[in-house]
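Read through the structure below, which is laid out as structure tokens, and then see the notes.
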Amino acid sequence: MSGQTQLVFTVTPGSRLQGQIQVPGDKSISHRSVMFGALAEGTTEISGFLQGDDSLATLQAFRAMGVQIDGPEQGRVSVHGVGMHGLQAPSGELDLGNSGTSMRLLSGLLAGQAFDVTLTGDASLSGRPMQRVLNPLAQMGADIHSDEGGTAPLRIKSGAALKGIDYTLPMASAQVKSCLLLAGMYAEGETCVTEPAPTRDHTERMLQGFGYSIERHGAKVCLRGGGSLKACQIEVPADISSAAFFLVGASIAPGSELTLQGVGINPTRIGIIDILRLMGADIQLENERETGGEPVADIKVRSARLSGIHIPEHLVPLAIDEFPAIFIAAACAEGETVLTGAEELRVKESDRIQVMADGLQTLGIDVRPTADGIVIQGGTLQSGQVNSHGDHRIAMSFAMAALRAAGPIEIQDCANVNTSFPGFTELAAGAGLGISQA
Ligand code: S3P
């Protein structure tokens with residue numbers, strides 16, 4: 001969104017990561033805190049809000065729909081809720097930038113409103129599959145038009161009388177699950193969503209925190225339409241997806257010892273810890289506590305010798321955003337790492353299997369991308385130039401790779417790091433990474 005597509009990171013090798021740092025707030029929870037706060041009765045006070053482009057796109061969308069929002073000011077945001085039926089028609093299209101979560105969750109939330117609205121995004125978001133939300137929303141009675149191929153812009157028509165559905169997700173997706181639960185709040189009767197594997201459950205937790213009753217029966221989550229939300233206080237934990245780069249960086253850089261403070265360790269998000277531990281990483285959880293319905297801990301990581309593994313498929317949805325970083329760990333591990341069951345990686349902000357494979361090959365690593373995963377032979381990372389293709393997580397992953405490379409790594413197209421991790425270069429440099437940007 002910032003338009004500096006030419007931003008380049010240059011990272012020099014040989015350093016280690018040390019000290020105590022706090023990464024920014026959780027992106028998934030930040031989005032949802034504004035969405036639910038806007039629809040609630042009363043004022044929701046948020047702290048730890050992620051001031052990244054993605055969550056700010058959600059915040060701006062609600063401002064454009066008439067919601068008064070104060071902040072963000074050092075992570076503090078006050079959302080003056082307008083109630084379930086208080087949103088107003090925006091004067092133009094809602095531009096959601098790079099943010100898939102904003103578009104997929106808002107398509108559900110807005111399907112049952114009394115006004116027309118169009119959702120747009122940048123080139124990456126405009127290429128991402130939306131049929132996965134449009135199909136079940138159409139079954140609920142929503143009237144939404146996409147571009148050919150089921151992509152944005154999404155033109156949502158008012159006046160749809162939504163009906164609850166009992167839907168089984170064809171893929172493990174928290175965005176689709178959340179979209180349907182949000183639409184379900186405006187639907188007649190009950191909406192139930194069954195997932196093929198557990199995915200992040202922040203929507204369910206936060207709905208309950210706002211006093212909306214939901215029921216779980218195993219893999220099925222249900223709610224009834226017509227309820228209301230009550231404003232509350234939300235402390236957003238530090239984002240484990242942002243911590244992931246440092247967990248990998250400190251694991252691969254000899255002599256590292258780093259503590260990441262106040263990180264969310266929701267069981268549906270800790271696949272990265274499980275996978276790195278299976279590879280031999282030295283990761284300890286300290287000071288475990290709970291804030292605002294979400295478990296949190298300080299995470300201590302020390303460098304360790306990593307070994308290649310066959311990543312258990314049940315961990316894939318629990319680490320879905322962390323694979324670019326995990327691939328760097330695999331490149332530095334001894335032996336072969338095999339990932340299967342991860343075809344969803346091909347439809348993220350970039351095709352993360354292909355873009356990571358290209359970059360790792362450029363750096364001299366033997367990799368074989370497959371339809372639903374990758375095979376990586378651990379080796380020695382060489383110096384080189386890689387392209388992140390505007391994917392924030394790929395840019396930050398290759399930045400960490402430099403810790404173990406034979407020479408500097410230059411990473412192109414890094415401006416979108418701001419979508420999820422504003423201040424990344426400063427924080428990483430403070431922990432010891434030899435990173436500069438131009
Ligand atoms: C998210 C769900 C995941 C994840 C994304 C955030 C969410 O997407 O990749 O970064 O906040 O619900 P999918 O539902 O497409 O797996």
Measure the acute angle between the ring planes of Phe424 and Phe245, then classify it against the limits of 30° and 60° as parallel, tilted or perpendicular. perpendicular
Within the 3.5 Å criterion, strictly below it, is a donor on His80 or Thr43 matched to an acceptor on the partner's side chain? yes
May I ask you to say whether Glu349 pairs ionically with Arg393, meaning some side-chain N is under 4.0 Å from a carboxylate O?
no
Worksheet item: Hey, are Thr203 and Ser178 close enough side-chain-wise for a donor-acceptor pair under 3.5 Å?
Response: yes
So CZ of Arg200 and CD1 of Ile240: to nearest 0.5 Å the spacing works out to 10.0 Å
(request) Would you please test Cys332 and Leu381 for side chain to side chain contact (heavy atoms under 4.5 Å, CB included) and show each step? (result) CA-CA 8 Å; Cys332 297; Leu381 287 156; 3.6 Å; yes
Can Phe36 and Ile234 be said to form a side chain to side chain contact (heavy atoms under 4.5 Å, CB included), step by step?
CA-CA 11 Å; Phe36 292 136; Ile234 296 176; over 6 Å; no
query: Just by distance, do the side chain of Ser251 and the backbone of Leu247 share a donor-acceptor pair under 3.5 Å?
result: yes
Mind checking whether Met356 and Leu345 have side chains closer than 4.5 Å, heavy atoms only?
no
| field | Min side-chain heavy-atom separation Val355-Ser388 under 4.5 Å | value | no
Q. Any side-chain heavy-atom pair from Arg128 and Lys348 closer than 4.5 angstrom?
A. yes
Q. Just checking, any donor-acceptor pair under 3.5 angstrom between side chains of His202 and Ser28?
A. no
To the nearest 0.5 Å, atom CE of Met65 lies from atom OG of Ser91 at 11.5 Å
Rounding to 0.5 Å, atoms CG (Leu7) and CG (Asp413) come to a distance of 9.0 Å
| query | Do Gln175 and Thr101 have side-chain atoms, one donor and one acceptor, less than 3.5 Å apart? | reply | yes
Heavy-atom nearest pair, Gly364 first then Gln382, reads CA-CG, 4.4 Å
Subject >> Asn287 (side chain) donor-acceptor with Ala297 (main chain) under 3.5 angstrom >> reply: no
Notebook entry, point to check: Any donor-acceptor pair under 3.5 Å linking the side chain of Ser126 with the backbone of Gly121?
Noted result: yes
Using modelled atom types only, decide if a donor and an acceptor are shared between the side chain of Asp372 and the backbone of Glu343 within a distance under 3.5 Å.
no
- Query: Does a donor on one side chain and an acceptor on the other come within less than 3.5 Å for Ser102 and Thr58?
  - Reply: yes
The reported gap from OG1 in Thr194 to NZ in Lys177 (rounded to nearest 0.5 angstrom) is 11.0 Å
When every non-hydrogen atom of Ala61 is compared with those of Leu96, the smallest separation belongs to CB-CD2, 4.1 Å
Legend entry - Check: Met130 and Ser107 side chains under 4.5 Å, non-hydrogen atoms: no
Rounded to the nearest 0.5 Å, the CE atom of Met206 sits from the CG atom of Leu229 at a distance of 11.0 Å
Exercise. Once the angle between the rings of Phe421 and Phe246 is folded into 0 to 90°, is it parallel (under 30°), tilted (30 to 60°) or perpendicular (over 60°)?
Worked result: tilted
For Ile353 and Ala342, the nearest pair of non-hydrogen atoms, with its separation, is CD1-O, 3.9 Å
Exercise. Step by step, work out the side chain to side chain contact (heavy atoms under 4.5 Å, CB included) result for Leu137 and Cys179.
Key: CA-CA 9 Å; Leu137 286 173; Cys179 163; 3.7 Å; yes
Is the backbone of Ser303 close enough, under 3.5 Å, to the side chain of Ser256 for a donor and an acceptor to pair up by distance? no
Are any non-hydrogen side-chain atoms of Ser146 and Thr151 less than 4.5 angstrom apart? no
side-chain hydrogen bond (donor to acceptor under 3.5 Å, both in side chains) with Asn98: of Asp53, Asp122, Asp54, only one passes, and it is Asp122
query = Do Leu17 and Met400 have side chains that get closer than 4.5 Å, going by heavy atoms?
reply = yes
Applying side chain to side chain contact (heavy atoms under 4.5 Å, CB included) to Phe9 and Gln437, what does each step give before you reach the verdict?
CA-CA 4 Å; Phe9 288 170; Gln437 59 179 53; 3.6 Å; yes
### Query
Would you say the side-chain atoms of Arg63 pair up with the backbone N or O of Ile69, donor to acceptor, closer than 3.5 Å?
yes
Checklist entry - Is the shortest distance from a Lys or Arg side-chain nitrogen in Asp26 or Arg269 to a carboxylate oxygen in the other one below 4.0 Å? => result yes
| message | Using modelled atom types and a 3.5 Å cut-off, is there a donor and acceptor pairing between side-chain atoms of Asn416 and backbone atoms of Gly390? | response | yes
**Prompt:** Would you say Val117 and Pro90 make side-chain contact, with heavy atoms under 4.5 Å?
**Reply:** yes
Any side-chain donor paired with an acceptor under 3.5 Å for Glu410 and Gln385? yes
| query | Should the pair Glu45-Arg76 be classified as a salt bridge under the 4.0 Å nitrogen-to-oxygen rule? | reply | no
Looking just at side-chain N and O atoms, do Glu313 and Thr340 make a donor-acceptor pair shorter than 3.5 Å? yes
Fill in: Beyond-backbone contact of Leu87 with Phe62, side-chain heavy atoms, under 4.5 angstrom
yes
Q. Can any side-chain N or O of Tyr212 pair as donor or acceptor with the backbone N or O of Gly227 at less than 3.5 Å?
A. yes
To the nearest 0.5 Å, atom CD of Gln361 lies from atom CG of Leu363 at 10.0 Å
